[in-house]
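In what follows, a structure is listed as structure tokens, so that the remarks can point back to it.
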Amino acid sequence: MTTVAVFVRPPESGTVLRNCVDAGAVTAAEAADLYAAMARDVCAAVESSGAELLVNYRPVNADDPTTPGDDEEALEAVRDVVDDALEDPGSVRYEVQVGSTFSARAGNTVTHLLEREGVKSAAVVRPTAALLERRHVDSAAMKLRQSEVVLGPATDGRLSYAAFTDPVDFEDAFTAPEVETVTDRARDAGLDVDFVEMLPVAETTGGFATLISQIRARQRAELRIPPRTSAVLDDLGLRAEAVDDRLAVGRD
């Protein structure tokens, strides 16, 4: 069984989906609602798979070095977001994130799970990969039987999913382009690497627009969609549109 850590932060207005807010794609309040919906869909997908769900949460004010973070307040805020989306909230583990960068936080989590807790495989997931389904998690678990590292490529050279049976050198491992950097670290350690389906992550306006476009297309094709994320997109009237030969976020 893979332990999948979803890296969730309290969806405070002004602290999530900052690139999308700064670009004017959504307001800070809309970004908070969208982030919460995506986190719910991703956690529900992991819970429905054969993996163990671990929610790694960021303390409140974690990005402000002048203000102490509040672990208890953050835990309560993240539970309020995640628990309603789960069939068995009591079975989910919550642990605070440790590290000053995403590379450090991901590395600390994976290394702790593999070396201290003795799990067979550990994965990290971004909550902004709203199209993640149980089949992606289960497919990665199958590939981990043959390869020590399995990666889910995302838009902008990022990763939506990264799973390991052996740790790598995680220092600055998630430096762009993440998919190449993590692959290099794995190969340098003599580990085999495999990949699962590419999924967009709403970390940039391009990734966000790609996510919206794929959800709209899947709605039209009557295929499975992330229900909570799709509902918020419908409420806001968001859509993808071409602007100067690039994909951007527009409104109905």
With no hydrogens and no angle check, do the side chains of [X] and [Y] hold a donor and an acceptor under 3.5 Å apart?
{"X": "Glu148", "Y": "Thr165", "result": "no"}
{"X": "Ser103", "Y": "Asp172", "result": "no"}
{"X": "Asp41", "Y": "Thr229", "result": "yes"}

Show your working on salt bridge (Lys or Arg N to Asp or Glu O under 4.0 Å) between Glu30 and Arg251 and close with a plain yes or no. CA-CA 13 Å; Glu30 290 169 346; Arg251 294 180 185 258; 2.6 Å; yes

Using atom types as modelled and distance alone, determine if a side-chain donor or acceptor of [X] lies under 3.5 Å from a backbone N or O of [Y].
{"X": "Asn108", "Y": "Val98", "value": "yes"}
{"X": "Thr111", "Y": "Gly107", "value": "yes"}
{"X": "Asp169", "Y": "Glu171", "value": "yes"}
{"X": "Ser49", "Y": "Val46", "value": "yes"}
{"X": "Gln97", "Y": "Asn56", "value": "yes"}

Residue Glu76 excluded, over 12 heavy atoms near CD under 6.0 Å: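 Count not over threshold, so no.
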
Around atom CZ of Arg220, are there more than 12 heavy atoms from other residues, nucleotides or ligands closer than 6.0 Å?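 Check fails, neighbour count at 12 or below.
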
With heavy-atom distances below 4.5 Å as the criterion, would you say the side chains of Pro127 and Met38 are in contact?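 Pro127 vs Met38: side chains apart.
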
Search all heavy atoms of [X] against all heavy atoms of [Y] and return the closest pair with its distance.
{"X": "Ala36", "Y": "Val81", "answer": "O-CG1, 3.7 Å"}
{"X": "Met198", "Y": "Thr155", "answer": "CE-N, 3.8 Å"}
{"X": "Pro10", "Y": "Val78", "answer": "N-CG2, 3.8 Å"}

Carboxylate-amine/guanidinium contact [X] [Y], below 4.0 Å:
{"X": "Arg187", "Y": "Glu180", "answer": "no"}
{"X": "Arg185", "Y": "Glu178", "answer": "no"}
{"X": "Arg239", "Y": "Asp252", "answer": "yes"}
{"X": "Arg58", "Y": "Asp71", "answer": "no"}

Does the pair Gln219 and Arg216 meet the rule for a side-chain contact (heavy atoms from CB on, under 4.5 Å), with working shown? CA-CA 5 Å; Gln219 285 177 321; Arg216 295 301 189 208; 3.1 Å; yes

In the hydrophobic cluster built from side-chain contacts under 4.5 Å, what are the other members alongside Phe7?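 Traced through the cluster, Phe7 reaches Leu54, Phe102, Val110, Leu113, Leu114, Val119, Val124, Val149, Leu151, Leu159, Phe164, Val168, Phe170, Phe174, Val179, Val182, Leu191, Val193, Phe195.
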
Please determine whether residues [X] and [Y] belong to a single hydrophobic cluster, defined as Ile, Leu, Val, Met, Phe, Trp and Tyr linked transitively by side-chain heavy-atom distances below 4.5 Å.
{"X": "Leu131", "Y": "Leu34", "answer": "yes"}
{"X": "Val6", "Y": "Val150", "answer": "no"}
{"X": "Ile215", "Y": "Leu247", "answer": "no"}
{"X": "Val4", "Y": "Val201", "answer": "no"}

State the [atom1]-[atom2] distance between [X] and [Y], to the nearest 0.5 angstrom.
{"X": "Ser121", "Y": "Asp166", "atom1": "OG", "atom2": "CG", "result": "10.5 Å"}
{"X": "Asp192", "Y": "Leu144", "atom1": "CG", "atom2": "CG", "result": "11.5 Å"}
{"X": "Ser91", "Y": "Glu47", "atom1": "OG", "atom2": "CD", "result": "5.5 Å"}
{"X": "Cys20", "Y": "Leu238", "atom1": "SG", "atom2": "CG", "result": "10.0 Å"}
{"X": "Thr101", "Y": "Arg105", "atom1": "OG1", "atom2": "CZ", "result": "6.5 Å"}
{"X": "Leu86", "Y": "Leu53", "atom1": "CG", "atom2": "CG", "result": "6.5 Å"}

Please evaluate residues Arg218 and Glu133 with respect to the criterion salt bridge (Lys or Arg N to Asp or Glu O under 4.0 Å), reporting the C-alpha separation (whole Å), side-chain torsions for both, the decisive distance (0.1 Å), and the verdict. CA-CA 14 Å; Arg218 294 182 69 86; Glu133 299 179 22; 3.6 Å; yes

Per the side chain to side chain donor-acceptor pair (under 3.5 Å) rule, which among Thr204, Asn19, Thr205 passes with Asp156?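 Filter result, single survivor: Thr204.
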
For Gln214, which of Leu211, Thr210, Ile212 qualifies under side-chain contact (heavy atoms from CB on, under 4.5 Å)?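 Checked Leu211, Thr210, Ile212 against Gln214; only one passes side-chain contact (heavy atoms from CB on, under 4.5 Å): Thr210.
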
side-chain contact (heavy atoms from CB on, under 4.5 Å) between Arg9 and Tyr57: does it pass, once the steps are laid out? CA-CA 5 Å; Arg9 65 182 305 151; Tyr57 62 92; over 6 Å; no

Between Ser160 and Arg126, is a side-chain contact (heavy atoms from CB on, under 4.5 Å) present by the stated rule, with each step listed? CA-CA 6 Å; Ser160 60; Arg126 283 192 163 98; 5.9 Å; no

Under the criterion side-chain contact (heavy atoms from CB on, under 4.5 Å), I'd like the reasoning laid out for Tyr35 against Thr15: C-alpha separation, chi angles, the key distance, then a yes or no. CA-CA 10 Å; Tyr35 182 88; Thr15 66; over 6 Å; no

